[in-house]
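Chain letters run A, B, ... following the sequence lines, proteins first, then strands; residues in each count from 1.
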Protein chains: 2
Amino acid sequence: MKAEAQALKGHLDVLLLAALEGGPRHGYAVKEALREGSGGRFDLPTGTVYPALHRLEGAGLIAGSWSVVDGRRRRTYTLTAAGERRLHAERGTWHEFAAAVTALLEPGPWPATS
Amino acid sequence: MKAEAQALKGHLDVLLLAALEGGPRHGYAVKEALREGSGGRFDLPTGTVYPALHRLEGAGLIAGSWSVVDGRRRRTYTLTAAGERRLHAERGTWHEFAAAVTALLEPGPWPATS
DNA sequence: GCGCCATAGGTAGTAAACCTAGCTATGGGC
DNA sequence: GCCCATAGCTAGGTTTACTACCTATGGCGC
């Protein structure tokens with residue numbers, strides 16, 4: 001079993017929102033941006049990215065629109081106002097969460113062993 | 001639906017292992033240590049903690065043994081050598097993962113929007 | 001011309017893991 | 001007598017990411 005295969009659980013959505021913060025992108029570009037921006041660590045299969053984008057679209061956090069470039073249809077996603085609010089909130093949540101986990105992983109801080 | 005309900009996905013195991021690093025504990029004590037050590041942030045239901053401990057025991061990362069205190073049976077868990085190795089490895093993984101996510105969440109570092 | 005690859009989009013089905021809701025049991029406080 | 005904290009457990013549901021597929025275009029090598 002792959003070690004960090006499912007490590008993103010629960011944190012993928014924020015990353016997708018953050019990827020759209022700099023401007024609209026189509027799905028494949030989001031996937032590539034995530035891969036490049038993470039130094040290859042988050043090289044997600046399309047079967048992970050597309051359903052996730054559909055989820056976010058269904059939740060009204062991003063808005064998708066079809067366009068045709070060179071006869072090929074592309075679905076371009078844009079961050080909505082709700083998505084921007086969510087992104088800000090989730091950023092804060094992430095920092096708190098990460099700080100808590102990091103603190104707990106430091107050897108020592110645990111309440112005394114009964 | 002609760003916002004950060006499933007935020008621990010994939011990171012719970014490390015925290016449980018870390019909780020046992022300071023010495024053996026029984027399940028309920030692990031849950032309480034996690035709650036207190038995180039300032040109440042990780043107040044996990046027993047239905048989350050016990051199955052997770054069973055999982056870790058099945059994987060040979062912790063060892064459980066029954067004891068009786070005041071006529072009440074308690075299952076005390078101890079970190080195994082394999083568990084200790086895993087904990088060390090996962091600590092590194094966590095730091096890398098957290099750094100990558102934090103970097104991606106900073107506004108800006110994304111490859112140019114096509 | 002034909003096959004292959006990168007790009008671009010997608011779905012179906014599986015597996016993991018965390019949660020909700022319930023259960024049993026003891027000892028102490030109201 | 002009843003409820004709560006402690007202590008342990010299970011069943012079932014939901015979410016979510018993954019694997020494995022499919023479609024389609026345009027460019028490249030042969």
Side-chain angles (χ1 to χ4, degrees), chain A residues 1-17 24-36 41-59 61-62 64-77 90 97 101 111 114, chain B residues 1-17 24-36 41-59 61-62 64-77 90 97 101 111 114:
Chain A
M1 87 190 110
K2 230 174 285 179
E4 35 185 331
Q6 316 232 332
L8 280 172
K9 277 270 165 99
H11 306 293
L12 174 61
D13 292 7
V14 213
L15 294 177
L16 295 180
L17 293 177
R25 284 175 199 271
H26 54 104
Y28 199 86
V30 168
K31 166 184 143 53
E32 288 301 297
L34 211 54
R35 187 176 60 76
E36 288 170 35
R41 207 183 319 271
F42 301 143
D43 190 3
L44 308 173
T46 63
T48 294
V49 175
Y50 290 122
L53 288 172
H54 297 163
R55 240 192 356 256
L56 292 173
E57 189 182 13
L61 301 176
I62 63 179
S65 64
W66 285 108
S67 56
V68 177
V69 179
D70 296 320
R72 295 162 69 164
R73 59 208 240 291
R74 283 181 180 171
R75 188 141 184 88
T76 302
Y77 292 100
E90 291 292 314
F97 171 78
V101 173
S114 51
Chain B
M1 95 192 97
K2 230 175 283 179
E4 34 185 329
Q6 318 234 329
L8 280 171
K9 279 272 164 94
H11 306 293
L12 174 61
D13 292 8
V14 214
L15 293 178
L16 295 180
L17 292 177
R25 284 175 199 272
H26 55 104
Y28 198 85
V30 168
K31 167 184 143 52
E32 287 301 297
L34 211 53
R35 188 176 58 77
E36 288 170 34
R41 208 183 319 270
F42 300 144
D43 190 5
L44 307 173
T46 64
T48 294
V49 175
Y50 291 121
L53 289 172
H54 296 162
R55 231 182 17 246
L56 292 173
E57 190 182 13
L61 300 176
I62 63 178
S65 64
W66 284 108
S67 56
V68 176
V69 179
D70 296 320
R72 295 161 71 162
R73 60 207 240 290
R74 283 181 180 170
R75 188 143 184 86
T76 302
Y77 292 100
E90 291 292 314
F97 172 77
V101 173
S114 51

B:H26 NE2 to D:dT6 P, in whole Å, measures 11 Å
note: B:K9, atom NZ; C:dA15, atom P; distance rounded to Å ~ 16 Å
Smallest heavy-atom separation, A:A33 atom then A:R25 atom, equals CB-NH1, 3.7 Å
Rounded to whole Å, NZ of A:K31 lies from P of C:dA6 at a distance of 12 Å
Please produce a list of atom pairs where a protein N or O lies less than 3.5 Å from an N or O of nucleotides 24-28 of chain D.
unit_1: D:dT25; atom_1: O2; unit_2: A:R72; atom_2: NH1; d: 3.3
unit_1: D:dG26; atom_1: OP1; unit_2: A:D70; atom_2: O; d: 3.2

When rounded to whole Å, the CZ to C1' distance for the pair B:R25 and D:dT6 reads 16 Å
ask   = Phosphate oxygens OP1/OP2 of C:dA16: is one of them under 4.0 Å from a side-chain N or O of B:R55?
value = no
note: A:D13, atom CG; D:dT15, atom C1'; distance rounded to Å ~ 11 Å
Worksheet item: Counting just side-chain N and O atoms, does B:Y28 come under 4.0 Å of either OP1 or OP2 of D:dT6?
Response: yes
Only residue of A:L15, A:L34, A:V30 satisfying side-chain contact (heavy atoms from CB on, under 4.5 Å) with A:L44 is A:L34
Closest heavy-atom pair, B:H54 versus B:Y77, reported as atoms and distance to 0.1 Å, is CD2-OH, 3.6 Å
Give every pair of a protein N or O atom and an N or O atom of nucleotides 10-14 of chain C that lie under 3.5 Å apart, one pair per line with the distance.
unit_1: C:dG10; atom_1: OP2; unit_2: A:H54; atom_2: NE2; d: 3.3
unit_1: C:dG10; atom_1: O6; unit_2: A:T46; atom_2: OG1; d: 3.2

When rounded to whole Å, the CG to P distance for the pair B:L34 and C:dC19 reads 11 Å
Minimal heavy-atom distance between B:D43 and B:R35, with the atoms involved, is OD1-CD, 3.0 Å
Please examine the side chains of A:F42 and B:V101, heavy atoms only from C-beta on, and report whether any two atoms are closer than 4.5 Å. yes
Rounded to whole Å, the CG-P distance (A:D43 to D:dA17) equals 16 Å
From CG of B:L53 across to P of D:dC9 the rounded distance in Å is 8 Å
Minimal heavy-atom distance between A:G47 and A:P51, with the atoms involved, is O-CG, 3.1 Å
